[in-house]
Amino acid sequence: MNIQSVRGFKDWLPEDFIKYQYLINLARSILLTYNYKEIKIPILEKTELFVRSIGEFTDIVQKETYTFQDRNKEFVTLRPEATAGICRMIIEKGLFVNPKPLKFFTTGPMFRHERPQKGRLREFYQIDVELFGELNPYLEAETIYLAFEILKAPFNLKNYSEIYTLEINSLGCLKCRAEYKKELVKFLKENKDKLCHTCQERLEKNPLRVLDCKIKTCNDVIAKTPIITEYLCKECKIHFEKLKEIFNSIGIKYVENPRLVRGLDYYIRTIFEIKAKGLGAQDTVAAGGRYDYLLKELGGDYLPAIGFAIGVERWAISIFGDKKEKFLQELFPDIFLIVLEDELLIKGFQIAQFLRKYGLKCEINYEKKSLKAQLRNADKLLAKFVLILGEKEWKEKKALLKDMKKGVQEEIKFENLETLSYKIYNKIKNEL
RNA sequence: GAGGCCGUAGCUCAAUGGUAGAGCACCGGGCUGUGGCCCCGGGUGUUGCGGGUUCGAAUCCCGUCGGCCUCCCCA
């Protein structure tokens, strides 16, 4: 094993990737019913985009991005998230003049240079959902509801509330958050000597993040800090109360966590995280919030916005756990063709093409092997049916169709290869 | 970025500083027209990589790459 994959970048073998496909397809079908449109944005963006959107003093930008100079000496960055790129696209294409709301989603890899562990890769996949154009708590309720709809869709999870828990908070608007920040900094400065080293730095550059610190001594201080929700202005308060009211009336359980903050600077008012069981330390499976001013900060018009991202690998772990064989069946061939004479291989080739046109997953082996060896091969590939064509059959214009599970076989007479294929298709389509 | 555990055959794992092994898998045969079962035979290896100590290293030391866990951070 000479060359290993890059740290934190993983291979997806069929039995893994089929789960990814299943989840993505489910999410897509739900998003389409909410009238979200799928888009694709670049994986590489100018570094400045992320500095200006996520925030210069966030951990993501300061120490987690893959940033380098390209051959023209321009600084570029592998996207650590998708929101910034979508905002850039909206501004660059002038989409903010379009009828509102704008509803987009995208899926694909994100890149963060962190120490890998379970549920944390350096290349990881997100389903990113963004809505632009309205400032209404109903949209937040609907967006978070949508996140749950997606998360619980696999196998129609009925007990999803045992797996996923929702935490919400309001960070206030620009006005009241500034007010709060002042009070928070004042309080933290009085207790500066009790804070850890990084928190003392955060105090200067990004004081809200102190609330997210998990070091015990800091926790003691945090427990006594002023709470943002007590500083919300009238409008923000009404907004947040309305959201909770909607949750209560549609039966969405939530935990209000006044210490919940986010690692990206652009969030405002409502933010949320959905945590999942079985994930260990990296338990946030989906998170998002409102970011009304981001578009304006990036040079566009003022356009209220809300969005969230689902971490696909984490979602997969929360759904499948360590079970490995759930989807293997999808990978089995429907039918395996065994041709016993070299001269008949061309017939096998043609039958395979016909069967594939009928949508059957068809495998054929062109090597000269005994019937026994070929059957063993078909068995190992877990083929559901086997078609046997030998000299004897060809002369009598028939073929043998064997049901591998039942262990029985029957003769199928035919006039030409196309009618043979059609007969086979009709015989087995209901058994697959 | 910090700390800890780990890395041996395709997989799961043994081997107390002294000949690199087992089970499963795989390949061949018994068996040239019928899979799964059975029997016989085959070890398929740069012990992650690179140095060092030693008569001798999978084993001890250093470095490095990768995985897992915690911190951190987040999806």
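Computed from a prediction, not measured in an experiment: that's the story for all the values here. Within every chain, numbering begins at 1; the chains are lettered A, B, ... in the order of the sequence lines, protein sequences first and strands thereafter. Atoms considered below: every heavy atom in the structure, side chains included; atoms not considered: hydrogens, waters and symmetry mates.
Cation-pi geometry between K19(A) and F320(A) is satisfied (NZ or CZ under 6.0 Å from the ring centre, within 45° of the ring normal). A cation-pi geometry, defined here as NZ or CZ lying under 6.0 Å from the six-membered ring centre and within 45° of its normal, does not hold between K392(A) and W394(A).
With both ends at atom C1', the span from rG67(B) to rG29(B) equals 40 Å, rounded to whole Å. Comparing rA22(B) with rG45(B), their P atoms sit 15 Å apart, to the nearest whole Å. The P atoms of rA9(B) and rA2(B) are separated by 29 Å, rounded to the nearest whole Å. Taking the C1' atom of each, rG41(B) and rC55(B) are spaced 38 Å apart, rounded to whole Å. Comparing the same atom, C1', in rG7(B) and in rU64(B) gives a spacing of 13 Å after rounding to whole Å. Between rC60(B) and rU53(B), the distance separating the two C1' atoms is 8 Å to the nearest Å. Nucleotides rG50(B) and rC13(B) place their C1' atoms 26 Å apart, quoted to the nearest Å. Between rC69(B) and rG52(B), the two C1' atoms lie 30 Å apart (nearest whole Å).
Following rounding to the nearest Å, Q126(A) (CD) and rA75(B) (P) show an atom-to-atom distance of 7 Å. Atom CG of D283(A) is separated from atom C1' of rA75(B) by 11 Å (rounded to the nearest Å). In this structure, the CG atom of L279(A) is 10 Å from the C1' atom of rA75(B), given to the nearest Å. Rounded to whole angstrom, the span from the CD atom of E64(A) across to the P atom of rC72(B) amounts to 13 Å. One atom, CD of Q282(A), and another, P of rC68(B), lie 11 Å apart when rounded to the nearest Å. Whole-Å rounding puts the Q117(A) CD to rC68(B) C1' distance at 9 Å. As rounded to whole Å, 13 Å separates atom C1' of rG10(B) from atom CD of E15(A). For E114(A) and rG1(B), the CD to P distance is 12 Å, given to the nearest whole Å.
Partner assigned to rG36(B) is none, using Watson-Crick or G-U wobble distances below 3.5 angstrom. For rA9(B), there is no paired base (Watson-Crick or G-U wobble, both distances below 3.5 Å). Under the Watson-Crick and G-U wobble criteria, each requiring two contacts below 3.5 Å, nucleotide rU54(B) is left unpaired.
Within the nucleic acid shown, T284(A) comes within 4.0 Å of at least one base atom, counting heavy atoms only. Within 4.0 Å (heavy atoms only), A378(A) reaches no atom of the nucleic acid at all. Within the nucleic acid shown, L151(A) has no heavy atom closer than 4.0 Å to any nucleic acid atom.
For the residue pair R28(A)/T107(A), the side-chain donor-acceptor check at 3.5 Å is not satisfied. The closest side-chain donor-acceptor pair between T67(A) and T77(A) falls under 3.5 angstrom. Using modelled atom types, one finds no donor on one side chain facing an acceptor on the other under 3.5 Å when comparing Y291(A) with T83(A). With 3.5 Å as the limit, one finds no donor-acceptor pair spanning the side chains of S53(A) and E297(A).
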Between N or O atoms, less than 3.5 Å apart, protein on one side and nucleotides 33-39 of chain B on the other: list the pairs.
{"from": "rG33(B)", "atom 1": "O6", "to": "K392(A)", "atom 2": "N", "distance (Å)": "3.3"}
{"from": "rG33(B)", "atom 1": "N1", "to": "E393(A)", "atom 2": "OE1", "distance (Å)": "2.9"}
{"from": "rG33(B)", "atom 1": "N1", "to": "E393(A)", "atom 2": "OE2", "distance (Å)": "2.9"}
{"from": "rG33(B)", "atom 1": "N2", "to": "E393(A)", "atom 2": "OE2", "distance (Å)": "2.4"}
{"from": "rU34(B)", "atom 1": "O2", "to": "K402(A)", "atom 2": "NZ", "distance (Å)": "2.9"}
{"from": "rU34(B)", "atom 1": "O2", "to": "Q409(A)", "atom 2": "OE1", "distance (Å)": "3.4"}
{"from": "rU34(B)", "atom 1": "N3", "to": "Q409(A)", "atom 2": "OE1", "distance (Å)": "2.9"}
{"from": "rU34(B)", "atom 1": "N3", "to": "Q409(A)", "atom 2": "NE2", "distance (Å)": "3.2"}
{"from": "rU34(B)", "atom 1": "O4", "to": "Q409(A)", "atom 2": "NE2", "distance (Å)": "2.9"}
{"from": "rG35(B)", "atom 1": "OP1", "to": "K372(A)", "atom 2": "NZ", "distance (Å)": "2.4"}
{"from": "rG35(B)", "atom 1": "O2'", "to": "D379(A)", "atom 2": "OD2", "distance (Å)": "3.2"}
{"from": "rG35(B)", "atom 1": "N7", "to": "K402(A)", "atom 2": "NZ", "distance (Å)": "3.3"}
{"from": "rG35(B)", "atom 1": "N1", "to": "M404(A)", "atom 2": "O", "distance (Å)": "2.5"}
{"from": "rG35(B)", "atom 1": "N2", "to": "D379(A)", "atom 2": "OD1", "distance (Å)": "3.0"}
{"from": "rG35(B)", "atom 1": "N2", "to": "M404(A)", "atom 2": "O", "distance (Å)": "3.1"}
{"from": "rG35(B)", "atom 1": "N3", "to": "D379(A)", "atom 2": "OD1", "distance (Å)": "3.4"}
{"from": "rG36(B)", "atom 1": "O4'", "to": "D379(A)", "atom 2": "OD2", "distance (Å)": "3.2"}

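You'll find the ring centres of Y266(A) and Y293(A) outside the 6.0 Å limit.
Residue R120(A) places a side-chain atom within donor-acceptor reach of the base of rC72(B), judged by atom type and a 3.5 Å distance cut-off alone.
With distances taken from any side-chain atom of R7(A) to the nucleotides rC71(B), rA75(B), rG67(B), the minimum falls on rG67(B). Listed nucleotides: rC69(B), rA75(B), rU70(B). Nearest to the side chain of K118(A): rC69(B).
Taking the six-membered ring for Trp and thresholds of 30 and 60 degrees, F17(A) and Y20(A) have nearly parallel ring planes, at less than 30 degrees apart.
For the pair G311(A) and G8(A), nearest-nucleotide mapping onto RNA chain B gives the more 5' position to G8(A).
M404(A) is not listed as a side-chain neighbour of F332(A), based on a closest heavy-atom distance of 4.5 Å or more.
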